[in-house]
Each structure stands twice: as C-alpha cells, then as structure tokens.
Number of protein chains: 2
Amino acid sequence: MCDATDQNLADESQFIHPNIVATVQKESPSPELLSDLADLYKIFGDSTRVQILSALRVHEMCVGDLAGLLNMTLSAVSHQLRALRANKLVKSRRDGKIIFYSLADAHVEAILDMGLEHLQEINCPPHDPHCFEE
Amino acid sequence: MCDATDQNLADESQFIHPNIVATVQKESPSPELLSDLADLYKIFGDSTRVQILSALRVHEMCVGDLAGLLNMTLSAVSHQLRALRANKLVKSRRDGKIIFYSLADAHVEAILDMGLEHLQEINCPPHDPHCFEE
DNA sequence: GTATCACTTGAGCGTTTGTTCAAGTGATAC
DNA sequence: GTATCACTTGAACAAACGCTCAAGTGATAC
C-alpha cells in the first residue's frame, strides 16, 4: 500500500484538485491493465464479431454456415474468427473437413448479456425512473 | 446479385447444416440489436476512454485533472468525453467555470468489472496450469 | 466593457480496422 | 497420384478512428 502523503505525481503544479487526482491514482487499476481491458472490449466492438458470438451462443457452427447466416464471405468470417480465437473467446474442433466453432467459456455469454441489459436500460424502460432526457 | 436459391430462411439451398442455422436464426437477437451492442462495446474499446471511466469510478473529476492524470491534452480528453456523453456512460455538472464528470449509472461499473474479471480468468485460471499458452 | 479560465468544437492528418481478392493449406474421395 | 471441399492467410485499399492544432464558447473576475 502507498503512503497517504505520497503525491509525487499529483502535486500542486498542474492539477486543479491534486488531492482528488492522488486518490484516483491510488484506487484505479494501472493503465497497462486498463489497456488490456480496452483491447478485450475492442473485440466485442464490431458488429460482425458480435453476431458470430451471439450465433455460437445458440449452437456450435462451421465457418460456411456462419458466413451464410451473416451473408458474408468465407474469408471475412474466417478473419474475424481468427481475432476471436486469438483472444480466446471461441474454440474450435475439427470433424473431417469441417471445423466447428463454439464459445470458449461462460464468461463470453456473461459479457454479451451485460451489454444487452445496459442497452435496454438506456432505451427508456417502461417503469424505471432512471430515464434521462437528452 | 443473388442466385435463384437465395432465400430468407435457412433451407437446404446453401447451408451445410440448414437446421442448425435455422435454430440460430430464431434464437439469436436481431442483427440491428447486435449492431447496437457492438457500438456500445466500441466505446469501451479504447484505452483513453477506459482510463477515464475507471478514474470517474473512483471520484468525479474535471477535464483538466483528467487530462493531467492521463498525461493527455485537454482537447483529446474532451473529445473522448463527448463520445462517452453521447452514449450516456458519463454525466456532467457545472460548478462555476469547472465542469465535473461522473459515471452515468452503476451499469457502467458492472461492465468494467465484468471485463476485468474475464482478464483475470484468461491470464491464470485457478484450476488450469495452461498459463502463457499460445 | 476586457481578460482570463475551463472547456468545446471543427479541420486535418497519420494510424488502425474490416473487407475483398487471390493464393495456399489440410483433409477426404476417387 | 488428382480433384474437390472447407477453410486460412497475406496483400491491398477504403473507411473509421484518435490525436493535434487552432479557433470558439460560456462563465467568472475585474
């Protein structure tokens, strides 16, 4: 743990509220970890990849069927599957000539659900007073 | 240009496993909703924005302090705050000349936590000795 | 009024990203 | 062996993205 008087970064030179900045510096995760977090969300931040993940959530699928479902080329889907594989969000098994893809673990589903929940909240739910205007 | 066998449902025409595709089509959310979901995650998919959100989670902050904390220009931070505002992930209040930003609601924290949890699972799962696998 | 502060906004620019196209790999069938 | 199928991969290119710079806005102080 850090000393409470340690303000070597948030001193009086440049900050309007140095004490607040010092507190935030202490309590927020490191920029490196947050950068990894951003990289993870970046994978979910594409329509094609989210559609693939959402489809695989229902059933394992081969690349050709995924391409037909999304109305995209085999190559485009394969490129995105590569990104999903690299980030361990999907796994694959081979059966003869066909390769079946499926979600890597339950965490992927949880992340999808979390986002869908938030979307519903944002779109002014019927009986929720937390509906901002503008 | 579509061929004569192109149909709106997954029949025997182009798919290797038409019944699987049909099931997925029925059970997966619409492409429009999934596109909105991708747009939401896109906001979380940038290191600067995640750092801002993570900082605001600890305490409300003004733009200048955020810029100092992240070691970025006022303009760069303001541009990202605009994106966060547009997606209702942060809210602001004015106090004289200073504008304080804070997280819009608890859902934002939950999404951040979900991602951080997943990162920990990926790096060193408790029962899996498969660390540093590639 | 002018000046300053805190912040926003638009244009410009280099970097990143996602798709297409063409070529290549690995497995099955003959 | 050759042929075909299912899929992958690398290069290329347009579109989207994030930062910088300069100008602009709104509030306070004088």
Side-chain angles (χ1 to χ4, degrees), chain A residues 13-18 20-21 31 34-35 38-53 56 60-87 89-102 134, chain B residues 1 14-18 20-21 31 34-35 38-53 56 60-87 90-102:
Chain A
S13 57
Q14 55 173 324
F15 294 106
I16 304 178
H17 311 92
I20 291 180
V21 177
L34 293 175
S35 181
D39 288 341
L40 171 65
Y41 283 127
K42 210 169 286 182
I43 302 298
F44 287 86
D46 174 74
S47 178
T48 299
R49 287 191 292 265
V50 166
Q51 284 185 78
I52 291 175
L53 292 175
L56 296 186
E60 65 170 7
M61 290 183 80
C62 66
V63 185
D65 284 348
L66 272 173
L69 177 67
L70 307 194
N71 207 24
M72 302 184 71
T73 65
L74 271 171
S75 179
V77 171
S78 185
H79 274 298
Q80 301 297 15
L81 283 171
R82 184 173 157 77
L84 294 171
R85 251 186 294 127
N87 286 270
L89 300 180
V90 303
K91 58 181 194 283
S92 62
R93 70 174 180 91
R94 183 181 268 277
D95 180 18
K97 283 186 286 193
I98 298 179
I99 297 174
F100 287 97
Y101 280 90
S102 55
E134 169 58 24
Chain B
M1 53 179 274
Q14 58 172 321
F15 294 105
I16 304 177
H17 310 91
I20 291 180
V21 177
L34 293 175
S35 182
D39 289 340
L40 171 65
Y41 282 126
K42 210 170 286 183
I43 303 298
F44 287 86
D46 174 74
S47 177
T48 300
R49 287 193 292 267
V50 166
Q51 282 185 81
I52 292 175
L53 292 174
L56 296 185
E60 65 170 7
M61 291 184 81
C62 65
V63 185
D65 284 348
L66 272 172
L69 177 68
L70 306 194
N71 207 23
M72 302 185 72
T73 66
L74 273 170
S75 179
V77 172
S78 185
H79 274 297
Q80 301 296 15
L81 283 171
R82 184 171 157 78
L84 293 171
R85 250 186 294 127
N87 286 270
V90 304
K91 58 182 194 282
S92 61
R93 70 175 180 90
R94 182 181 270 278
D95 181 17
K97 283 186 287 194
I98 297 178
I99 297 175
F100 287 96
Y101 280 89
S102 55

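This one's a predicted model, so the numbers in the text were calculated from it and none came from an experiment. Here is the naming used below: chain letters follow the sequence lines, and residue numbers restart at 1 for every chain.
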- Query: Which residues satisfy the ring-ring contact (aromatic ring centres under 6.0 Å, His included) test with A:Y101, sequence neighbours excluded?
  - Reply: none
- State, with a plain yes or no, whether a side-chain heavy atom of A:N87 is found less than 4.5 Å away from one of A:L40. no
- Task: At under 4.0 Å between heavy atoms, which parts of nucleotides 2-12 of chain C does protein reach? Answer with one letter per nucleotide, 5' to 3': B base, S sugar-phosphate only, - none.
- Result: ---BSBBBB--
- Message: Taking side-chain hydrogen bond (donor to acceptor under 3.5 Å, both in side chains) as the definition, give me every residue that meets it alongside A:S47, ordered by chain and number, with sequence neighbours left out.
- Response: A:Q51
- Heavy-atom side-chain contact between B:Q80 and B:V77 under 4.5 Å: no
- Let me know the distance between CG of B:D95 and P of D:dA27, rounded to the nearest Å. 13 Å
- Task: Measure up the A:F100 and B:H17 rings against each other and bin them: parallel (under 30°), tilted (30 to 60°), perpendicular (over 60°).
- Result: tilted
- Message: Just to be sure I follow the notation: if a pair is Watson-Crick (purine N1 to pyrimidine N3 plus N6-O4 or O6-N4) or a G-U wobble (N1-O2 and O6-N3), each under 3.5 Å, what dot-bracket string does DNA chain C give, with | for pairs to another strand?
- Response: ||||||||||||||||||||||||||||||
- Query: What heavy-atom pair brings B:M61 and A:I20 nearest, and what distance separates the two atoms?
  - Reply: CG-CG2, 4.1 Å
- Message: I need the residues from residues 39-49 of chain A with at least one non-hydrogen atom less than 4.0 Å from DNA chain C; give them sorted by number, or say none.
- Response: A:K42, A:D46, A:T48, A:R49
- Query: Starting at CZ of B:R93 and ending at P of D:dA27, how long is that distance when rounded to a whole Å?
  - Reply: 16 Å
- Which whole-number value in Å describes the distance from A:Q80 CD to D:dG10 C1'? 15 Å
- Donor-acceptor contact present, side-chain B:D46 to main-chain B:T48, <3.5 Å: yes
- Note on the structure: side-chain hydrogen bond (donor to acceptor under 3.5 Å, both in side chains) filter on B:R94, not counting sequence neighbours, yields none
- Query: Which atom pair, heavy atoms only, marks the closest approach of A:S78 to A:V63?
  - Reply: N-CG1, 4.5 Å
- Query: Is a donor on one side and an acceptor on the other found under 3.5 Å between the side chain of B:R49 and the backbone of B:K42?
  - Reply: yes
